[in-house]
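Reminder, nothing fancy here: chain letters follow the sequence lines and each chain counts from 1.
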Amino acid sequence: MDVRYQPQSVEEKWQRRWREADTFAVGEDASRPKYYVLEMFPYPSGRIHMGHVRNYTIGDVVARYKRMRGFNVLHPMGWDAFGMPAENAAIQHGVHPSKWTRENIAYMKGQLQRMGFSYDWSRELATCDPSYYRWEQWLFLKMLEQDLVYRRETAVNWCDTCQTVLANEQVEQGACWRCGDVVVEKELPGWFFRITRYADELLDWTDRLPGWPPQVLTMQRNWIGKSVGAEVAFPLDGRDGEIRVFTTRPDTLYGVTFMSLAAEHPLVPELVRGTGREAEVLAFVDRVRRQDKAERTADDYEKEGVFTGAYCVNQLTGERVPIYVANFVLMEYGTGAVMAVPAHDQRDFEFARRYDLPVTVVIEPDGGSLDPAAMTEAYVAPGRMVRSGPFDGLPNRDGIERVIAYLEERGFGKRAVHYRLRDWGISRQRYWGAPIPVIHCPACGVVPVPEADLPVVLPEDVAFPEGRVLPLAEIPEFYETSCPRCTGPARRETDTMDTFVESSWYFARYACADFQAGMLDRARTEYWMPVDQYIGGIEHAVLHLLYSRFYTKVLRDLGLVAVDEPFTNLLTQGMVCMETQRCPEHGWLLPDEVADGACTRCGAPAEAGRVEKMSKSKKNVVDPEGLVARYGADTARLFSLFAAPPEKDLEWSEEGVEGAYRFLRRVWRLVADHRDWLPGTEPFAGGAPDGPARDLRRKVHDTIRRVTADIEERFHFNTAIAAAMELLNALAGFSPADEPGRQAFREGVEALLKVLHPMVPHITEELWEILGEQTPLADTPWPGWDEAALVRDEITVVVQVNGKVRGRVQVPAGADGGAVRAVAEADPNVARHLEGKTVVKAVYVPGRLLNLVVR
RNA sequence: GCGAGAGUGGCGGAACUGGCAGACGCACUGGACUUAGGAUCCAGCGGGUGACACCGUGGGGGUUCGAGUCCCCCCUCUCGCACCA
């Protein structure tokens, strides 16, 4: 063997072996328990970054560990291949999105393979392949049949110059991020998934996902935002019609003093007609509607409104209620109208004070009273109802139910539930996405594309004009078609689907990626689903994870999968961070633009900034490829795992990487230094050695126990590695003097390689082979520990006097409290602290600690 | 504002149900081997002291024989949501 550790050649050798032997290809096997571990698939942006390295290393350790534990492990990888960066590349560099994407995939696949991840590459999929999205289109048709998809007009951000819809994140201060032109709100028809039909189920199951981080579940609950209350009708005064409001506080209905409508409320133009206030109100409405979202949700957005001149009637009191238009009322939530109770709602209170509107108190604290004129804020705490007709004196909590019943009896309103969750708009006026499979016929209306005609293939053989991509709406060869129903001329839908749709079911497709006869092969998805362990970034806490849960329930209801939830356990790993460096002259600096604390270009001292998430814009990035070229994949993996537990942020450090590399070199040398006899020595197998060999064996078995617990119970690889480092230190300091010693040493080396293998698979396989083993570590069972080897004859007990450590004593392992105390009191230092005092109490924690309480 | 999480040596981080605070690594210091070393090995490394004592887990209080860990109040930071009626 080479006495020097050469990661490059070792890693290439084992990567080749795994590839040639199809080591990680799996099929269904009813005789073994399955384990499905999945990392969120990447967008093929061009190169992998450290976030990928970390995410995929964590997943790989889990996969390899479970494999050694005897599970039939599914560990697939693929590409979230549709999306805007491909179109931007086309605009900027004139490369076709398809070519750009496929080249990126090829390159990144090479990078992932170079990391030594144990993927079953035979299941690889790319969402931009028609063989993938054809099933997404098929499902769209099924959902259409179930009325889970519908089409409606919706307001979108539109850039006239670029002729496209922009996502909210692409609107910067009301202007297009690309051309800087003003973005306008535009009503456009679009397709929606009826996720709200599953709102209750999605919410209920958040209580049945114990394997998910609580904060993710909380975020999802907030996102769904269920509120229970009542819908109440307020008839218009002096004319037909009514305003319906949703309220969670029916107990405050007697305190309504005005009504607030959203600027977008359809009743507004009608209400103001002929009131003489028309011009003023419509000007206000226009002004509010023109403000962009950022402005309307800003911190300091002032509550403003205007009186319409119209009134409605509170049917509980018979009072006339003035109707206002207010800028803080949202059309998208509830009914777009809010009954205002200034005494008990802070926003209404502020509004009432500003426009000098009456405040009527209808809830008072027990034993107290409130003076509307003296109030400086709304009273929102519980209390008893007053000025509320038949409900006076009732605790307001009970009042909620009673008022609802009263409203229902009289037909004034009804119990109602509202959600913050909206239906999922999936239409994108984009080129690089999955076409929506419907046809618009002037005679028949919207006609689904017949199943037999799927997939509706995205035309890839098109030439783009300079500087922009071509939406499908500008490609006649695509959209000109005939109606499947009446055969007359018709137009294809030119919207493509949101890319979140592809990522909402890829995990199920991995179970049967080659299935041609349908979307999912029921037998195989039943074997593999659900995903036992899903791993990815916290940034997907709501959207991707909520959409995937929704889609899983749709697939279940269509009989395609048998599970209610896609991911049993979820691990959200922290970000990879690094210190930023800045030069007064040249701005942010890359790590290698700094030498000895100075900018390499001008020599000015570099200012160290805060530790932040690695990002290209701040230049605090380390390229995995350079790292692997210099240290090898095992070092990159080891450091990613060692620097922090997976759920926490990881601070990158060059010195830390050096440390990881140094450790692997020591492991290598441990075998190299003893290569003349190690291969010919059997591991220790029975009997009880004495002295150093026995101590070494105890360390070996204790390490196995600790590493197993750290991985099994909480994926704390950092402490698992620390334990392995301790074992290495013990082995390196051990001189095998006799045959039992050599056998114990060999046993220890084997254990070290086994427990490290999931984390650093290449070096451990190589050293394992050098030991003379025939079966690769990948196919070797995870080691168990021998309780007998852990047994000690003598133990150390800490002795405290009044809670302070005053000594430690050696006692026989089975010694009882009395015996320990006798030994302890004989200890000179302990005796010194007991002198002249009386022991009033002795607390003995068996095998660990004795505390003598003295006075 | 609301919700969640976190504050431990010079640094990253350990300490499972209250029981030796600082495992492991980095950095640093001293030494050995060396033509040399940024390789390797040995030793040291919270503050304090000559050595003890003593002080130390953001701050203050409490429970307990014993608190980084449990309870109350406060401070700081990070993340998420933010007019949701």
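- A gap of 30 Å separates the P atoms of A53(B) and C42(B), to the nearest Å.
- For the pair N802(A) CG and A53(B) P, the interatomic distance rounds to 15 Å; values are reported in whole Å.
- When the P atom is used for both G22(B) and C16(B), the distance is 13 Å, rounded to whole Å.
- When the C1' atom is compared between G38(B) and C28(B), the two are found 15 Å apart, to the nearest whole Å.
- Taking the P atoms as reference points, G60(B) lies 13 Å from U69(B), given to the whole Å.
- Contacts of K804(A) with the nucleic acid, taken as non-hydrogen atoms under 4.0 Å apart, involve only primed sugar atoms and P, OP1 or OP2.
- Taking a 6.0 Å sphere around CZ of R422(A), one finds it holds more than 12 heavy atoms contributed by other residues, nucleotides or ligands.
- For A82(B) and G12(B), the C1' atoms lie 34 Å apart once the distance is rounded to whole Å.
- Within 4.0 Å of Q346(A), counting heavy atoms only, lies no atom of the nucleic acid at all.
- When Watson-Crick and G-U wobble pairs are counted only if both distances are under 3.5 Å, U34(B) pairs with no nucleotide at all.
- Comparing the same atom, P, in G31(B) and in U76(B) gives a spacing of 47 Å after rounding to whole Å.
- Among the atoms of the strands shown, none is found under 4.0 Å from any heavy atom of P214(A).
- Taking the nucleotide of RNA chain B with the nearest heavy atom to each of V542(A) and T218(A), the more 5' of the two is matched to T218(A).
- Contact between the side-chain N/O atoms of R347(A) and the OP1/OP2 oxygens of C84(B) is found at a separation under 4.0 Å.
- For G68(B), the glycosidic angle deviates from 0 by more than 90°, giving an anti base.
- The side chain of R808(A) has C20(B) as its nearest neighbour among C20(B), C84(B), A85(B).
- Rounded to a whole Å, the CD atom of E658(A) is 13 Å from the C1' atom of G25(B).
- When both distances must be under 3.5 Å, the Watson-Crick or G-U wobble mate of G44(B) is C28(B).
- Side-chain contact annotation: Y419(A) with D200(A), donor-acceptor N/O pair under 3.5 Å present.
- Rounded to whole Å, the distance from CD on E651(A) to C1' on A27(B) is 13 Å.
- At a threshold of 4.5 Å between non-hydrogen side-chain atoms, the residues V797(A) and R848(A) do not count as touching.
- For G50(B), there is no paired nucleotide, since no Watson-Crick or G-U wobble pair has both relevant distances below 3.5 Å.
- Geometrically, R420(A) engages W223(A) in a cation-pi contact defined by less than 6.0 Å to the ring centre and at most 45° from the axis.
- Distance CE (M578(A)) to C1' (C26(B)): 16 Å, rounded to an integer number of Å.
- In this entry the distance linking CG of N222(A) with C1' of A82(B) reads 10 Å, nearest Å.
- The backbone N or O of P358(A) sits less than 3.5 Å from a side-chain atom of T257(A), completing a donor-acceptor pair.
- One finds the CD1 atom of I721(A) at 7.5 Å from the CG atom of L756(A) (value rounded to the nearest 0.5 Å).
- Put simply, CD1 on I538(A) is 13 Å from P on C79(B), counting in whole angstrom units.
- The base-pairing partner of A21(B), taking Watson-Crick or G-U wobble contacts with both distances under 3.5 Å, does not exist among the strands shown.
- Note on S653(A): nothing from the nucleic acid sits closer than 4.0 angstrom, heavy atoms only.
- A straight line from CH2 of W223(A) to P of C81(B) spans 7 Å, rounded to a whole angstrom.
- The base-pairing partner of G5(B), taking Watson-Crick or G-U wobble contacts with both distances under 3.5 Å, is C77(B).
- For the pair R662(A) and C26(B), the criterion of a side-chain N or O lying under 4.0 Å from OP1 or OP2 is met.
- Here, G37(B) and G44(B) have their P atoms 24 Å apart, quoted to the whole Å.
- A close approach under 4.0 Å does not occur between any side-chain nitrogen or oxygen of R806(A) and OP1 or OP2 of C20(B).
- The NZ atom of K648(A) sits 10 Å away from the C1' atom of A14(B) (whole-angstrom rounding).
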